[in-house]
Amino acid sequence: MRKSKPKKRIILPDPKFNDVQVTRFVNNMMFDGKKSIAYSIFYDAVELAEKKAGENGLEIFKRALANISPAVEVKSRRVGGANFQVPTEVRPERKIALGMKWLINYSRKRGEKTMKEKLAGEMVAAAKGEGAAVKKKEDTHKMAEANKAFSHFRF
């Protein structure tokens with residue numbers, strides 16, 4: 001490593017739930033710096049999810065993230081002219097980041113009309129342990145399991 005690591009930025013908690021994780025999620029979801037729109041989409045989605053599942057919306061969001069976050073992933077490693085997919089454990093910070101990205105991406109690909117409906121649907125599905133984002137996590141785990149033989153190439 002040539003340069004020093006950049007300083008961690010301090011993220012302020014969101015106004016409604018007073019939670020830093022919600023702010024990180026909204027920052028990931030935001031387009032073109034439109035943070036207030038991203039917040040309104042998230043809060044509406046949480047309300048919709050609350051109505052669908054009949055429990056606390058923030059709890060649904062947290063459970064969905066926990067169900068989506070991967071424990072292991074594969075990284076390409078070049079050894080002697082061949083590329084190997086080496087399974088590695090995921091750092092806690094990256095776990096959450098990957099979970100958020102997958103939740104947002106698969107929400108955007110859903111069939112509902114508005115983003116808040118898409119996000120609410122994906123959150124409820126993920127909280128139950130189903131949906132496209134959970135499938136992505138399971139596929140990642142399967143890939144790591146299949147390439148377990150190359151784990152001795154770890155960095």
Side-chain angles (χ1 to χ4, degrees), residues 8-77 84-151 154-155:
K8 277 271 176 227
R9 289 205 177 106
I10 299 162
I11 299 174
L12 298 172
D14 76 298
K16 190 173 180 182
F17 298 115
N18 207 26
D19 194 346
V20 176
Q21 212 168 31
V22 171
T23 307
R24 279 183 65 187
F25 185 81
V26 167
N27 286 347
N28 275 328
M29 193 172 57
M30 172 173 57
F31 269 135
D32 294 332
K34 308 269 187 196
K35 195 175 230 173
S36 56
I37 291 171
Y39 267 127
S40 65
I41 288 171
F42 178 78
Y43 291 144
D44 291 346
V46 167
E47 272 180 39
L48 270 172
E50 221 167 86
K51 285 178 189 160
K52 278 185 187 177
E55 53 182 302
N56 184 2
L58 192 63
E59 289 301 313
I60 294 169
F61 170 68
K62 297 265 188 187
R63 196 164 357 104
L65 261 185
N67 287 351
I68 293 170
S69 302
V72 286
E73 66 179 343
V74 290
K75 287 187 175 180
S76 279
R77 175 109 163 93
F84 294 104
Q85 297 287 337
V86 180
T88 53
E89 278 186 39
V90 184
R91 294 189 328 273
E93 196 79 359
R94 182 164 162 76
K95 252 184 209 181
I96 296 163
L98 280 173
M100 286 179 180
K101 280 180 197 159
W102 291 346
L103 184 60
I104 292 164
N105 285 340
Y106 289 108
S107 295
R108 287 191 177 131
K109 289 176 184 170
R110 279 176 77 96
E112 286 98 336
K113 201 155 196 174
T114 61
M115 183 58 188
K116 55 187 166 193
E117 289 168 6
K118 293 176 182 183
L119 184 59
E122 192 65 33
M123 279 195 317
V124 170
K128 287 180 187 169
E130 47 199 47
V134 176
K135 189 179 180 319
K136 171 75 172 171
K137 174 202 168 181
E138 287 166 0
D139 290 347
T140 306
H141 280 223
K142 277 182 197 163
M143 190 122 91
E145 187 67 32
N147 290 306
K148 214 178 198 175
F150 306 125
S151 59
R154 266 202 195 113
F155 303 87

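In this text the structure is predicted, and so the values were computed from the model without any measurement. Computation of the quantities below employed the complete heavy-atom set of this structure, encompassing side-chain atoms and omitting hydrogens, waters and symmetry-equivalent molecules.
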Taking the side chain as every heavy atom from C-beta outward, state whether Val72 and Thr88 have any pair of such atoms under 4.5 Å apart. no
Least distance between heavy atoms, Ala125 atom then Gly131 atom: CB-CA, 4.1 Å
Are there over 12 heavy-atom neighbours, none belonging to Lys16, within less than 6.0 Å of that residue's NZ? yes
Give the minimum heavy-atom separation between Ala49 and Ile60, together with the two atoms involved. O-CD1, 3.5 Å
Give the minimum heavy-atom separation between Gly121 and Glu112, together with the two atoms involved. CA-OE2, 4.4 Å
Is a side-chain donor or acceptor of Thr23 paired with a backbone partner of Leu12 at a separation under 3.5 angstrom? yes
Nearest 0.5 Å, what's the CG-CE distance between Asn67 and Met123? 13.0 Å
Applying side chain to side chain contact (heavy atoms under 4.5 Å, CB included), name anything that partners Glu50, two or more places apart in sequence or on another chain. Val46, Asn56
Residue list, salt bridge (Lys or Arg N to Asp or Glu O under 4.0 Å) with Lys109, at least two apart or on another chain: none
Nearest atoms (heavy-atom pairs only) where Arg108 meets Lys118: O-NZ, 3.4 Å
Does the His141 side chain pair with the main chain of Ala71, one donor and one acceptor, at a distance under 3.5 Å? yes
What pairs of residues pass the side-chain hydrogen bond (donor to acceptor under 3.5 Å, both in side chains) test when at least one of them lies in residues 121-132, not counting sequence neighbours? Arg110-Glu122
Determine whether Phe84 and Asn147 make a side-chain contact, defined as any pair of heavy atoms from C-beta on separated by less than 4.5 Å. no
Do the side chains of Ser107 and Trp102 get nearer than 4.5 Å, heavy atoms only? no
Which pairs of donor and acceptor atoms, one on a side chain in residues 24-35, lie under 3.5 Å apart (sequence neighbours left out)?
residue, atom, partner, partner atom, Å
Asn27, OD1, Lys35, NZ, 3.1

Output, in order, the C-alpha distance, side-chain angles, deciding distance and verdict of side-chain contact (heavy atoms from CB on, under 4.5 Å) for Phe17 and Phe61. CA-CA 12 Å; Phe17 298 115; Phe61 170 68; over 6 Å; no
List for me each residue that meets side chain to side chain contact (heavy atoms under 4.5 Å, CB included) alongside Lys95, sequence neighbours excluded, and say none if there are none. Ser69, Val90
Residues Glu117, Lys52: salt bridge by 4.0 Å N-O rule: no
Partners of Lys136 by salt bridge (Lys or Arg N to Asp or Glu O under 4.0 Å), sequence neighbours excluded? none
Do other residues, nucleotides or ligands put more than 12 heavy atoms under 6.0 Å from the NZ atom of Lys116? no
Gap separating the NZ atom of Lys62 from the CG atom of Leu58, nearest 0.5 angstrom: 5.5 Å
Kindly compute the distance separating OG1 (Thr114) from CG (Leu119), expressed to the nearest 0.5 Å. 10.0 Å
Within-4.5 Å side-chain heavy-atom neighbours: Met143 and Asp139: no
Closest non-hydrogen atoms of Ala120 and Ala45, given as atom of the first, atom of the second and distance, are CB-O, 3.3 Å
Which of Lys142, Arg94, Lys137 passes salt bridge (charged side-chain N to carboxylate O under 4.0 Å, His left out) with Glu73? It is Arg94
Exercise: identify the closest heavy-atom pair between Ala133 and Ile68: CB-CD1, 3.6 Å
Measuring from atom CG of Asn105 to atom CE of Met100, what distance do you get when rounded to the nearest 0.5 angstrom? 13.5 Å
